[in-house]
Structures are given as structure tokens and as C-alpha cells.
Peer 1: 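Have a look at this one.
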Amino acid sequence: MPASAAKQLLDHYDRHARALPWRSPPGSPPPDPYFVWLSEVMLQQTTVATVTPRFRRLIERWPTIDALAAAPDEEVLMEWAGLGYYARARNLIACAREVAARGGFPPSESELRKLPGLGAYTAAAVAAIAFGARAVVIDTNVARVIARYRGIKQTLQESRDDIRKHADAMTPTDRPGDFAQAMMDLGATICRPRRPACSICPLSADCLALASGAPEEFPATKLKRERPHRHGLAWWIERDGAIWLVRRPARGMLGGMAALPGPEWGDDVPTVQRQASISHGFTHFTLELHIARRAEPVGEGWWQPIDHLAEAGLPTLYAKAAGTMLERKEVLAA
DNA sequence: CAAGCGTGGTA
DNA sequence: TTACCAAGCTT
């Protein structure tokens, strides 16, 4: 990429940067590292639209990393409910406590990379955006922009090292944080996976994929495996206006989250008499969750008042299941 | 290095 | 409706 391309991109960013609650305006001093880190972790595989209101809630409740570090695990997991990829929340807690104990975030990419939940992307992003370091920030947006600009048609898995070389070559010493965000904005709003808006792209003049006539064919995508179908059973145990909830094991699916009790999921349909069933799609399988009534509590847990079920911090799967059961109840009562 | 790990929006 | 995909990390 010609050196002028980075400048073109920054000029475009100065005029078109999206205003986001964790972002400071182009060219202005960097935001609080806590805000940068928190937003970056929330944004891992999660859209800006989903993250924005949840970010506001989190920083309102815990305005500093010391406040977050002092919060009980369950409170943080409850605030994360519905956001998915719950290992992020567990890492978030561990990272907050480590950073609070050492008195703040380390400013270097290599030290940031050692913190729980910070991989290659997030460490580089925090170093560049919060500390102004010249870190090479590569997410799927950046990788796609580069693949198109340089006309690299291989899959991103195949071209990973090549993409990194190009990204390193184009990253400026001045304003590396704004540059990273400009690349990501470009990928999210103009150089989109499908139907890229090349006519308004600041890099279109030198884009090899556009010159080829079919920019959306860059980079190639590999076919996904078919998702298997699994079955699960959840117990609906109701007593005196409350539901019996349990906490899932810390590791694995929905690790550490509140849940309806039930055995591990498997390939076979449960044989018990069920009240309802719901379907839920996960990343690598779909689940049909069968719901059955039961009188006695199972396992370690607590009674959650139905009036306050929304505050239990149920992940979406169990929130759906509970919603289905409560809806049936209302229909029967009517 | 590929698989495991959530959820909601879009076409 | 199915399929794809989003500011990835961990093992």
C-alpha cells in the first residue's frame, strides 16, 4: 500500500468517524484505557449495535476498573447475560483484578497480550487506541480490506502471514489508534463482506479487487461444516411463585451462568413427559431443549422469584425456555 | 491449527 | 427459512 493510502484513510476517518461511547473524536487525546479494553472485549465477535447499550450499563455500574475488580463474580456474569461467549466475562473478571492489583494497564502490546482474554487483536488494539503505540491491529475487517486492496484471493487462513506483512507496512507511526479504527470502520460500513460500497470508498483508486471487477469475491471463504442437532432436558421446578435455578459448571457451554437444572445435553430425545420444547442455535450445533415439570429441587441452587426472573442473569437459551413456560401459564390462566 | 464457544441481524 | 457473519480467544 502506498504511504499516501494511510493518509487518505485518516482524512476520510476525520470526516466520517462514527461517534461511539468508548471512542474519543479523531485526533483528540486517547480515551480511558479501561473503556478501550472493556469495549474491545465486548466487541469480540459481537456487533456495535448489541454492545453499545450494554457498554453504557457496565460503565455506569462500574465506572472504574477498580470498581469492576471489586464486584462479585455473579454480579458481573449477570450483567453479561445475553451477550454470549461467556468465557469473555470470566476472563474480564480475572483481567480486571490483575490490572487493579498492579495499579493499571501495562502500556505495551507484549505485556497486554499476557492478560487473560487479550489475544493478538485486543492487545494490539488497546496498545494503539489507548496508548498510542504503533501496534499492528488486525481483525476480520482489516484482513478483508487488505485482501481486497492487495487483490489476495486466498482464504484468510491461507493468507494470514501475507496479510500481516501488508498491515505492518501500511500502519503509520502517527495516529496508529485512529488508523486502526479507520480500517475497522471502513470494513464495517463500506468494504463490507457482501455488496461493498466501492463508489464511496477512499481507497478505491488503487484497489486491486475492485479492478478485477468482482471485489466481493475477495477473500475466498471456506465452506462451513454442517451443524449437528442435539437434545437437552431442563426441569421447570416451581414453588410459591419461585423457580429453582442452578449455576452451570465454570467451564464449557454457558460456563458459570445461571440456568434451569437438567442433565448434560446429548444426541437422544429425552423420554420424560415434556411440557414444551424450544430450539436454539449455537455456533456449532443446534439444540432442542425439552422442558418438563418436576416437584422437588435438584442439585445446588436457589429459588428465584418469578417476578424477578429477568434479574437472574439467564443466558438466552434459558430465558427463552422460561418465557415459553410463563407464556403457557398465562394462557391457561386466561 | 482446527474446534469449541452465543447471540442477533440481515439478505 | 437457511446461511452468513460480527472490533476473537483458548486449548
Side-chain angles (χ1 to χ4, degrees), chain A residues 17-18 20-23 35-55 77 80-92 94-95 112-130 135-145 155-158 160-161 167 177-189 191-195 216 219 221-230 248-257 259 265 278-287 289 314-320:
Chain A
R18 291 181 290 175
L20 301 171
W22 49 85
R23 187 181 262 187
F35 286 11
V36 176
W37 162 72
L38 179 59
S39 63
E40 289 297 343
V41 172
M42 297 183 79
L43 285 162
Q44 290 167 6
Q45 298 288 283
T46 308
T47 59
V48 167
T50 299
V51 167
T52 298
R54 305 297 298 266
F55 174 83
L77 292 174
W80 202 271
L83 277 175
Y85 287 137
Y86 298 100
R88 291 185 296 171
R90 305 194 295 270
N91 286 330
L92 192 81
C95 183
L112 287 163
R113 180 69 180 78
K114 296 175 186 169
L115 294 169
L118 278 81
Y121 163 76
T122 306
V126 174
I129 297 170
V136 181
V137 181
I138 305 173
D139 74 327
T140 56
N141 288 306
V142 175
R144 182 176 58 256
V145 169
T155 67
L156 293 180
Q157 291 80 4
E158 292 165 329
R160 198 170 57 104
D161 294 347
D178 282 347
F179 175 74
Q181 293 176 93
M183 288 286 278
M184 292 189 283
D185 271 17
L186 187 73
T189 63
C191 196
R192 302 170 297 215
R194 286 171 290 191
R195 302 185 333 106
E216 69 276 5
T221 58
K222 58 174 193 182
L223 0 56
K224 312 270 193 273
R225 270 198 341 180
E226 192 172 329
R227 286 192 303 181
H229 195 73
R230 294 191 193 160
R248 291 178 61 85
R251 297 191 172 269
M253 288 293 301
L254 310 178
M257 301 302 291
W265 309 331
I278 60 166
S279 296
H280 189 74
F282 290 109
T283 305
H284 55 294
F285 66 93
T286 61
L287 180 73
L289 185 67
L314 289 172
T316 300
L317 169 71
Y318 293 111
K320 265 203 247 179

Peer 1: Is the shortest side-chain N/O distance from A:R225 to OP1 or OP2 of C:dC4 below 4.0 Å?
Peer 2: no

Peer 1: So A:L20, base contact, sugar-phosphate only, or nothing? Heavy-atom distance under 4.0 Å.
Peer 2: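 Contact class for A:L20: base.
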
Peer 1: A:L186 has an atom CG; how far is it from atom C1' of C:dA7, in whole Å?
Peer 2: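 Whole-Å distance recorded here is 14 Å.
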
Peer 1: Does A:R54 qualify as a cation-pi partner of A:W22, given the criterion of NZ or CZ under 6.0 Å from the six-membered ring centre and within 45 degrees of its axis?
Peer 2: no

Peer 1: Provide the distance between the two P atoms, one in B:dA11 and one in C:dA7, to the nearest whole Å.
Peer 2: 15 Å

Peer 1: From CG of A:L156 over to P of B:dA2, roughly how many Å is that when rounded to an integer?
Peer 2: 13 Å

Peer 1: Whole-Å distance between C:dC5 P and A:L223 CG?
Peer 2: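 The distance from CG of A:L223 to P of C:dC5 comes to 11 Å, rounded to the nearest Å.
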
Peer 1: Once the angle between the rings of A:F285 and A:F282 is folded into 0 to 90°, is it parallel (under 30°), tilted (30 to 60°) or perpendicular (over 60°)?
Peer 2: tilted

Peer 1: Can you name the residues that form a salt bridge (charged side-chain N to carboxylate O under 4.0 Å, His left out) with A:K224, not counting sequence neighbours?
Peer 2: none

Peer 1: Base, sugar-phosphate alone, or nothing: which one does A:R144 contact when heavy atoms must sit under 4.0 Å apart?
Peer 2: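 Sugar-phosphate, no base atom in range.
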
Peer 1: Determine, for nucleotides 5-11 of chain B in 5'-to-3' order, which nucleotides have protein heavy atoms under 4.0 Å from the base (write B), from only the sugar-phosphate (write S), or from neither (write -).
Peer 2: BBBS---

Peer 1: What is the distance from CZ of A:R251 to P of C:dT11, rounded to the nearest Å?
Peer 2: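 For the pair A:R251 CZ and C:dT11 P, the rounded distance is 6 Å.
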
Peer 1: Take atom C1' in C:dT11 and the same atom in B:dC1, then report the distance between them in whole Å.
Peer 2: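 Comparing C1' positions in C:dT11 and B:dC1 gives a spacing of 11 Å.
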
Peer 1: In whole angstrom, what separates A:L112's CG from C:dA7's P?
Peer 2: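 For the pair A:L112 CG and C:dA7 P, the rounded distance is 22 Å.
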
Peer 1: List for me each residue that meets salt bridge (charged side-chain N to carboxylate O under 4.0 Å, His left out) alongside A:R90, sequence neighbours excluded, and say none if there are none.
Peer 2: none

Peer 1: Looking at A:T221, does any N or O in its side chain come under 4.0 Å of the phosphate oxygens OP1/OP2 on C:dC4?
Peer 2: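 Indeed not, no polar side-chain atom of A:T221 lies that close.
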
Peer 1: Using salt bridge (charged side-chain N to carboxylate O under 4.0 Å, His left out) as the criterion, list what pairs up with A:D178, not counting sequence neighbours.
Peer 2: A:R175

Peer 1: Could you work out which one of C:dC5, C:dA7, C:dT10 sits closest to the side chain of A:R113?
Peer 2: C:dT10

Peer 1: Determine the interatomic distance between P on C:dC4 and the same-named atom on B:dA3; round to the nearest Å.
Peer 2: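 Those two atoms are separated by 16 Å.
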
Peer 1: Who passes side chain to side chain contact (heavy atoms under 4.5 Å, CB included) against A:A123, sequence neighbours left out?
Peer 2: A:E109, A:L112, A:R113

Peer 1: Could you list the residues that satisfy salt bridge (charged side-chain N to carboxylate O under 4.0 Å, His left out) with A:R227, not counting sequence neighbours?
Peer 2: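 None.
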
Peer 1: Any base atoms under 4.0 Å from A:W80, or only sugar-phosphate, or nothing? Heavy atoms, all strands.
Peer 2: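 Nothing, no heavy atom under 4.0 Å.
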
Peer 1: Could you check how far CG of A:D139 sits from C1' of C:dC5, rounded to whole Å?
Peer 2: 13 Å

Peer 1: Taking atom P of C:dG8 as reference, at what distance in whole Å does atom CG of A:L43 sit?
Peer 2: 8 Å

Peer 1: Contact class for A:T122 vs. all strands (heavy atom < 4.0 Å): base, sugar-phosphate, or nothing?
Peer 2: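 Sugar-phosphate: the residue A:T122, judged by heavy atoms under 4.0 Å, touches backbone atoms but no base.
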
Peer 1: Rounding to an integer number of Å, can you tell me how far A:K224 NZ sits from C:dA6 C1'?
Peer 2: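 The answer, rounded to whole Å, is 12 Å.
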
Peer 1: Thinking salt bridges, do A:D139 and A:R144 make one under a 4.0 Å N-O criterion?
Peer 2: no

Peer 1: Please compare A:P116 and A:S39 by the position of their nearest nucleotide in DNA chain C and report the one closer to 5'.
Peer 2: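 Looking at DNA chain C, the more 5' nearest nucleotide goes with A:S39.
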
